[in-house]
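Accompanying notes for the structure given below.
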Amino acid sequence: MNAKALVLWVTLSLGSAHAQAVPLPKFNIKLDETSVSGLSSGGYMAVQFHVAYSSLVKGAGVIAGGPYFCAQDDQNTATSVCSCTGLLGCQPGQAGQMVADLIQITDQRASQGTIDPSGNLSDSRIWLFSGSADSVVPTPIMQALETYYKHYVNAAQIFFKKNIPAEHAMPTDFFGNPCSVKGDPFINNCSFDAAGDLLKWIYGSLNPKNTGALGGKFIEFDQGEFLSSPTSHGMWPTGSVYVPAACQQNAQCRVHVVFHGCKQYPGASFASGPQGKIADTYVKNSGYNQWADTNNIVVLYPQANAMNVGTRLPRSNPSGCWDWWGYDDGAYAQKSGHQMVAVKAMVDRLAGVPPPTTPTPTTPPSSTLFCGAAPNANHVTAARAYSFFFWAYFAKGSNDFLGWSRLTVTTLKEASQGSYQRVASCP
């Protein structure tokens, strides 16, 4: 087969793989009972979705994630402080040192309206899991998340399990690798039902899970309805939703949003063996559907995708992670972020909420826009700039080059909300 024929064959194959995708249906959904959870990059996505849309989200379950805006728009911080996935070593203990700054950023964004008021978080139910053998997101990073949440949420509403020697994976009681293994599909049988445990913590008493054949159905839907050109923004063409039979028959149901981790998107390949693509492995084997089936919970599985080069150079996302460090979008952790808007629109669709007709302007009066001089490191901490491997600094939004040192003092002016330009001086 020549190269041109091969390209045509791949294109046709991908097209047929998504030919069954349909528009996401609507059901009888109680929106104020919406909750989220996620693993790894999905854990970070669950946190930022919860914080940004705290008026909507009742509770969050986080496996191997970290505090809101931990990466601070910096790929190196993401891989060396907020996870141990980079090439320059790992300092997970530094995550805890950043919590005070992250709280300040959260409150600032809430006051500007780019995320919901942080006071909404006080009623949340939070479930946290850190495997004591996790080498990718070690426990100190999850402890930083616990500290972050305790600023907003009463400690009695937070559950933190950290005594199972699990590697970096979704823990289940029925499927996956041995608990101590790190490898695809990053689901481990640890004789522990994380999905059920977190759902019971968030929602309270639940009916026993279905241990037989599921009674509901899986629907593959078009994510392009909610984000134009999803593959250009780190999202797969389609997503999945599990709908229990009762919810199909107009019973009032709740929505739980599940964010998978890196290397778990449908197009990811198993590293070894004859298994082929990950496909729907996470959707069908992470443990949520059995509980959803007997408790009228619609489970939404939005799907991320790999990007060899992100839209914000020099960023990339080769592992199909959710955007929690800014590879696609400077507003990735705010309500206006591309992926955030898309998932929120999916939840609204499930509940039959019509899309907004006209975007609400969010640019504050010019008197509240920032202008000032500070070391580059301070600009990064305040989310006005980002660095690339510590030695190149850029203004957020404009990508203006700020120099090679974290100590260099530069002056930035906020041209519009969240977008900064380098200037000689402030008025």
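Here the structure is a predicted model, which is why all the values come from computation and not from measurement. For reference, positions follow the sequence shown, starting with 1.
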So NE2 of His233 and CD of Gln223: to nearest 0.5 Å the spacing works out to 12.5 Å

Less than 4.5 Å apart, any side-chain heavy atom of Met170 and any of Tyr282? yes

Test: Lys277 cationic atom under 6.0 Å from Tyr265 six-membered ring centre, within 45° of axis: no

Is there a side-chain contact between His379 and Thr410 in this structure, where contact means two heavy atoms from C-beta onward sitting under 4.5 Å apart? yes

Of all heavy-atom pairs linking Ala415 and Leu369, the shortest is O-CD1, 4.1 Å

Run the salt-bridge test on Asp134 and Lys182 with the 4.0 Å N-O cut-off and return the result as yes or no. no

Rounded to the nearest 0.5 Å, what separation is found between the CG atom of Asn399 and the CD atom of Gln421? 11.5 Å

For His168 against Ser40, the heavy-atom pair lying closest together: NE2-OG, 2.9 Å

Got a second to check how far Asn188's CG is from Cys179's SG, nearest 0.5 Å? 5.5 Å

Counting only heavy atoms from other residues, nucleotides and ligands, does the tally under 6.0 Å from CD of Gln104 exceed 12? no

Is the shortest distance from a Lys or Arg side-chain nitrogen in Asp116 or Lys335 to a carboxylate oxygen in the other one below 4.0 Å? yes

Over all heavy atoms of both residues, which pair between Ala351 and Leu31 is shortest? Give the atoms and the distance, please. CB-CG, 3.6 Å

Using side-chain heavy atoms (C-beta onward) and a distance below 4.5 Å, is Met235 in contact with Gln303? no

Is any side-chain heavy atom of Tyr203 closer than 4.5 Å to a side-chain heavy atom of Arg254? yes

For Ile187 versus Gln264, what's the shortest heavy-atom pair and its separation? CG1-NE2, 4.2 Å

Are more than 12 heavy atoms from other residues, nucleotides or ligands located less than 6.0 Å from atom NZ of Lys263? no

Lys30 bridged to Asp32 by N-O distance under 4.0 Å: yes

Cationic tip of Lys284 within the cone over Phe218's six-membered ring, i.e. under 6.0 Å and within 45° of the normal? yes

Tell me, do Trp325 and Thr79 make a side-chain contact under 4.5 Å, heavy atoms counted? no

Residues Glu414 and Arg384 bridged, charged N to O under 4.0 Å: no

Any idea which heavy atoms bring Ile115 and Ala333 closest together, and the distance? CG2-O, 4.0 Å

Over all heavy atoms of both residues, which pair between Gln339 and Gly234 is shortest? Give the atoms and the distance, please. NE2-O, 3.5 Å

